[in-house]
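When reading the values below, keep in mind they use all heavy atoms of this one structure, side chains included, and skip hydrogens, waters and symmetry mates. Below, chains carry the letters A, B, ... as their sequence lines are ordered, and counting in each starts from 1.
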2 protein chains.
Amino acid sequence: MNFKHLKTFIEVANCKSFSVAATRLHTVQSAISRHINALEEELGISLFERNTRHVALTASGEVYFAHAKAILNHCEQAKNDAQLVAQGKLGVLRIGYLSSACAHFLPSVLRRFNEFVPNIDVKIFEMTAAQQLHAFVEGSIDIGFSRPIDYGYDGLIRHKHLSNDPIYLVVNDSHPLAQKNTARLTDLTPYSLTLFARDQASSLFDTIISAFHQHEIRPKVHSEPISMQALLTQVASSQTVALVPGCVRNLQTKQCCFIPLDIPLFTPLEMHWTASPSATAKTWLHWCEQDINLEKETPSHSPS
Amino acid sequence: MNFKHLKTFIEVANCKSFSVAATRLHTVQSAISRHINALEEELGISLFERNTRHVALTASGEVYFAHAKAILNHCEQAKNDAQLVAQGKLGVLRIGYLSSACAHFLPSVLRRFNEFVPNIDVKIFEMTAAQQLHAFVEGSIDIGFSRPIDYGYDGLIRHKHLSNDPIYLVVNDSHPLAQKNTARLTDLTPYSLTLFARDQASSLFDTIISAFHQHEIRPKVHSEPISMQALLTQVASSQTVALVPGCVRNLQTKQCCFIPLDIPLFTPLEMHWTASPSATAKTWLHWCEQDINLEKETPSHSPS
DNA sequence: TTCATTTATGCTCAAAAAAGATAAATATAG
DNA sequence: CTATATTTATCTTTTTTGAGCATAAATGAA
């Protein structure tokens, strides 16, 4: 079988004449005749009831006609879809994100992106920075939102700085420090420190520790919870203190008190992608550049 | 584009090797290479990420692969459907039928036929014998069930005798003749006759009239209703008498009394079809011959 | 019956596709 | 790091397929 045969068949069925179909297809009548005969031979049935004066589809011809049109449409669809995928206008975009840092802006951003390219199926995965790095290496996400990640080797991963999230002291609301308007790091020395686990968020951990070192303080580390919500529960239920990104206030924070620090201490929020991004990732990056200014979307340092 | 290109593409995608695909398709590797290149050129995208050691589908390739398989399946489906239609195993069978004569056996027959060939969509049309003749001429039914029809010209229409339906006298239940066990035609002379309209059922009309003529009776025709139900209502509500096929007792017959005649007077039930039946009609006729004995299905002369 | 029109078919030739040979590239083994 | 084996790309030759042309056969209409 052959697409040319199908096209010829459809044309003959439409104009009910071999010779008219020939001129419409810019060929000669004998070619049409042979195409139809070849099709009929292959199918083992006759598609047209014809003599030298009349051409009409048989019942089988009618059925085959409907199928033939659908098949050609399907071919066009296949071509179109493949091209859209290549252009990054159709497909899947997998985004890893740090829940505490992104939950407040990601939904609105993704909704606007979906309006821009409705045929990209955005799948989001809550992941720590370390998990995102691993996911990039094994190719299971296209875009990541997290604190800076420790990509040891060559330029596999690219990034863009989005915002600086100021770090706050957090204590329970009956804690002696809860009354202060701003806190100094030295205020914390009497208390044991709850510190977010390093393997979950190395950047935050290192920022905090190096700040203490700069002030020549050796904090007493009490515990290292692996989720921000667990950290807040720990703080709320004990006299320990903690240092957390301001965006954490978007979580459930009953009985916790956030106090600004007297020094500028920030943890950055970044967007990451690979050096050879997928087509959908390219579409995302292009959209981010021209349509959206993500920095404006992440006002995490505005006091609440 | 070309089906051969699609098949090559699918094979290469399956075994992820140009040369292996070549041997599987009983050709040489250079042919495969050119098929893929031709496809890629036409689509304007690359379907495989490949070098001399590795072949893998691109994202667009994955999408096109899924479409390509579906397209080839669709082609098979088209071929198959067309062949089934040609064999009369798929399609529409249009049956015209005389309601009063067929309503009691047609449903069960059609159910059994549907089990035999589930893909034939049987459409039934209630029609008088005259309407069936017209429908045959214009090709709008394939099979007809009716009394004998008056096909004036050549062998366009074929028929098969199914059963003889004995004709009964019908009177209302308080009529003087209602008490009799059998009736003679001469018993009817005092009464006016309600006669089913000739243009609705010429065969029945002529049978009745010629019976009267043989007995040298000239009946007083009172009215000529165009439906059996109307005839029964007329009989039930007046002192007129009527002669009707026994199967009419399957209709709503309140206050009517059916009395056998003392002479053998029948109206035949026949199946009709055209000299060049459609494929589905052939299937029907074949099924009737070998599977069903329609005569046994039409026990219209058994007294109720 | 004749004529005009339409499909089917045999023949020739050109275009396209397959086969064959070879080059280029690259992963693996030594 | 180099050599080798394997795989894809490309160029040339050969074979096959399909288009164009001429013509025969068929058929409905005048």
Side-chain angles (χ1 to χ4, degrees), chain A residues 1-58 60-62 64-65 68 72 75 139 154 276, chain B residues 1-58 60-62 64-65 68 72 75 139 153-154 156 276:
Chain A
M1 188 171 43
N2 202 321
F3 278 108
K4 209 174 263 182
H5 292 167
L6 280 192
K7 283 178 185 159
T8 299
F9 168 65
I10 289 171
E11 194 57 50
V12 172
N14 276 328
C15 62
K16 298 185 185 310
S17 159
F18 281 42
S19 42
V20 173
T23 57
R24 284 201 201 172
L25 294 171
H26 309 294
T27 182
V28 294
Q29 170 269 323
S30 62
I32 304 296
S33 198
R34 265 192 300 265
H35 284 178
I36 300 298
N37 279 319
L39 247 185
E40 289 181 325
E41 188 127 340
E42 182 185 337
L43 298 175
I45 60 177
S46 80
L47 295 168
F48 292 103
E49 201 77 61
R50 59 189 181 274
N51 54 33
T52 58
R53 303 301 286 185
H54 207 70
V55 172
L57 282 168
T58 62
S60 337
E62 294 275 7
Y64 200 72
F65 180 47
L72 290 194
C75 291
D154 60 359
S276 54
Chain B
M1 190 171 41
N2 204 322
F3 280 109
K4 209 172 263 182
H5 291 167
L6 280 191
K7 282 176 185 160
T8 299
F9 169 65
I10 288 171
E11 195 57 50
V12 172
N14 276 329
C15 60
K16 297 185 185 311
S17 158
F18 281 43
S19 41
V20 174
T23 58
R24 284 202 201 169
L25 294 172
H26 309 293
T27 181
V28 294
Q29 169 268 323
S30 61
I32 304 296
S33 201
R34 258 179 302 100
H35 283 178
I36 299 299
N37 280 320
L39 247 186
E40 289 182 326
E41 188 129 339
E42 183 185 338
L43 298 175
I45 59 177
S46 80
L47 295 167
F48 293 104
E49 200 77 62
R50 60 190 181 276
N51 54 35
T52 57
R53 303 300 289 184
H54 207 70
V55 172
L57 282 168
T58 61
S60 337
E62 293 276 6
Y64 199 72
F65 180 48
L72 290 194
C75 290
Y153 30 97
D154 59 1
L156 176 69
S276 53

Heavy-atom neighbours of A:E42 CD exceed 12 at 6.0 Å: yes
Shortest side-chain distance from A:N37, nucleotide among D:dT7, C:dT9, D:dA25: C:dT9
Minimum-distance nucleotide (side-chain atoms of A:S30 versus D:dT7, C:dA27, C:dG10): C:dG10
Presence of donor-acceptor pair under 3.5 Å, side chain of B:R53 and base of D:dT6: yes
Take atom [atom1] of [X] and atom [atom2] of [N], then tell me their distance rounded to the nearest Å.
X: B:H35; N: D:dT8; atom1: NE2; atom2: C1'; result: 15 Å
X: B:E42; N: C:dA17; atom1: CD; atom2: P; result: 12 Å
X: B:Q29; N: D:dC11; atom1: CD; atom2: P; result: 14 Å
X: B:R34; N: D:dT12; atom1: CZ; atom2: P; result: 13 Å
X: B:L39; N: D:dA9; atom1: CG; atom2: P; result: 13 Å
X: A:E49; N: C:dT7; atom1: CD; atom2: P; result: 14 Å
X: A:H26; N: D:dG20; atom1: NE2; atom2: C1'; result: 16 Å
X: B:N51; N: D:dA5; atom1: CG; atom2: P; result: 20 Å

A:S33 side-chain N/O to C:dA8 phosphate OP1/OP2 under 4.0 Å: yes
Candidates A:V20, A:T8, A:V12 - the one meeting side chain to side chain contact (heavy atoms under 4.5 Å, CB included) with A:L25: A:T8
Aromatic ring pairing B:F9/B:F48, orientation class (parallel under 30°, perpendicular over 60°, tilted between): tilted
Sugar-phosphate only, base, or nothing, as touched by A:T27 at under 4.0 Å among non-hydrogen atoms: sugar-phosphate
Touch class at under 4.0 angstrom, heavy-atom based, for B:R50 against every strand present: sugar-phosphate
Nearest-0.5 Å distance that lies between atom NE2 in B:H54 and atom OG in B:S17: 11.0 Å
Side chain proximity check, A:F65 to A:N14, heavy atoms < 4.5 angstrom: yes
Beyond-backbone contact of A:L39 with A:Y64, side-chain heavy atoms, under 4.5 angstrom: yes
Partner set under side-chain hydrogen bond (donor to acceptor under 3.5 Å, both in side chains) for A:E40, not counting sequence neighbours: A:R50
Residue closer to the 5' end of DNA chain D, A:V28 versus B:H54 (nearest nucleotide): B:H54
DNA chain D contacts among residues 1-21 of chain B, heavy-atom distance under 4.0 Å: B:S17, B:F18, B:S19
